[in-house]
Amino acid sequence: MLTPDERERYDRQILIEQIGPEGQEKLKRSRVVIAGAGGLGSPIAIYLTAAGVGMIRLIDHDRVSLSNLNRQILHWEEDIGKKKVQSAATKLRNLNPGIKIEAIDETITEANVSHLLEGCDAIVDAMDNLSTRYILNRCAIEKNIPFFHGAIRGFEGRAMTILPGKTACLRCMYRGSVPEEKFPVIGVTPAVIGCIQATEVIKYLLGIGQLLTNRLLMYDGLEALFTEFAVNRNPECDHCGQIK
Amino acid sequence: MPVKVHIHLTHRRFTDGKEVVEAEGQTVGECLNHLIQQFPGMEKAIFAKKDKLHNIVEVYLNHASAHPNELAKPVKDGDEIHLILMLAGG
């Protein structure tokens with residue numbers, strides 16, 4: 001049940017026909033992992049916290065640096081040198097004390113990923129490299145937990161939602177390893193993509209709308225264009241190809 | 001009517017700034033070879049070696065992923081090819 005304070009806090013979104021008090025209670029009961037507390041992780045965490053998702057587990061191993069502040073809006077000048085998950089958790093708890101925030105200061109690896117993702121309803125990709133994304137993708141498929149992909153570079157971004165065993169996964173598009181880089185980015189780009197990912201998570205948790213499944217949404221901020229591409233499951237995919 | 005190849009922003013310096021280049025061929029690979037005949041700088045931009053695209057280059061045919069075996073996919077007049085770069089930042 002929602003408390004009187006919760007009814008007031010979420011009043012405007014409870015007014016949305018597809019949410020209502022029942023939907024708000026679903027959000028309150030939901031548990032979401034956000035992998036990464038940087039450019040994408042910041043807007044994702046802020047909007048899921050504001051929306052009333054009951055538990056958010058934020059995972060990041062990094063510390064805040066000055067060069068993060070053009071885009072990682074959960075972190076401020078006073079946070080430089082702090083652990084990102086601590087900096088983020090402080091802001092999120094101040095934004096919405098009714099939400100449980102789990103701040104995990106760890107590097108996601110093959111060895112610990114299963115433990116880190118345990119007991120959640122959704123996994124959100126807010127990573128800054130492909131290799132960790134594939135670790136998350138594989139574990140999401142093994143645990144049959146939806147995975148919400150997002151990535152950015154410069155003014156460009158993309159998002160796709162993965163329902164394990166049902167829709168194309170991130171690895172279905174794998175063409176071989178890609179060298180890591182110090183990627184260029186301006187904060188508005190992860191803001192756009194992170195908000196799309198957060199919207200997808202909310203839709204999934206509530207069972208409403210059309211998810212970005214088998215659809216790769218590309219965003220070009222310079223041209224102010226969204227383009228959609230169809231992506232199908234790859235039977236040869238080494239992560240999900242064996243799942244019927 | 002030829003195939004339209006949509007050039008990624010990063011690659012337009014190799015196509016005199018053109019966003020769309022018309023190319024001819026029976027397959028995606030043939031169209032990309034025709035693209036390279038017109039704009040030789042595109043070869044190193046999209047191919048790691050002969051008949052092997054860079055891993056970062058994704059090919060979409062008529063707004064659908066052409067992966068795997070992109071280069072062998074047949075095309076017909078009026079088709080559209082998008083050359084997109086994979087993104088990894090966050």
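Computation of the quantities below employed the complete heavy-atom set of this structure, encompassing side-chain atoms and omitting hydrogens, waters and symmetry-equivalent molecules. So you know, we letter chains A, B, ... as the sequences are listed, proteins then strands, and number each from 1.
Counting only distance, with no hydrogens or angles, the side chain of B:N55 and the backbone of A:S177 share a donor-acceptor pair below 3.5 Å.
For A:K82, the NZ atom sits in a packed shell: over 12 heavy atoms of surrounding residues, nucleotides or ligands are nearer than 6.0 Å. Heavy atoms from other residues, nucleotides or ligands lying under 6.0 Å from CD of B:Q26 number 12 at most. A:K203 NZ: more than 12 foreign heavy atoms inside a 6.0 Å radius.
Among A:D128, A:L40, A:I152, A:N232, the residue making the largest number of heavy-atom pairs under 4.5 Å with chain B is A:I152. Heavy-atom pairs under 4.5 Å with chain A peak, among B:S65, B:P68, B:A64, B:A88, at B:A88. Contact count against chain B (heavy-atom pairs under 4.5 Å) is highest for A:R133 among A:E180, A:E181, A:R133.
For the pair A:F155 and B:L9, the minimum side-chain heavy-atom distance is 4.5 Å or more. Annotation: side chain of B:L85 is not in contact with side chain of A:R153 (no heavy-atom distance under 4.5 Å). A heavy-atom distance below 4.5 Å is found between the side chains of B:H63 and A:T227.
Only the side chain of B:H8 comes within contact range of chain A, with heavy atoms under 4.5 Å apart. The contact between A:N234 and chain B is made entirely by side chain atoms (from C-beta outward), counting heavy-atom distances below 4.5 Å. Of the two parts of B:H82, only the side chain, counted from C-beta on, holds a non-hydrogen atom closer than 4.5 Å to a non-hydrogen atom of chain A.
Contacts of residues 182-197 of chain A with chain B at a heavy-atom distance below 4.5 Å involve A:F183, listed in sequence order. Near-neighbour residues of residues 157-176 of chain A relative to chain B, defined by a heavy atom under 4.5 Å from a heavy atom of that chain, comprise A:G157, A:R158, A:C172, A:M173, A:Y174, A:R175, A:G176.
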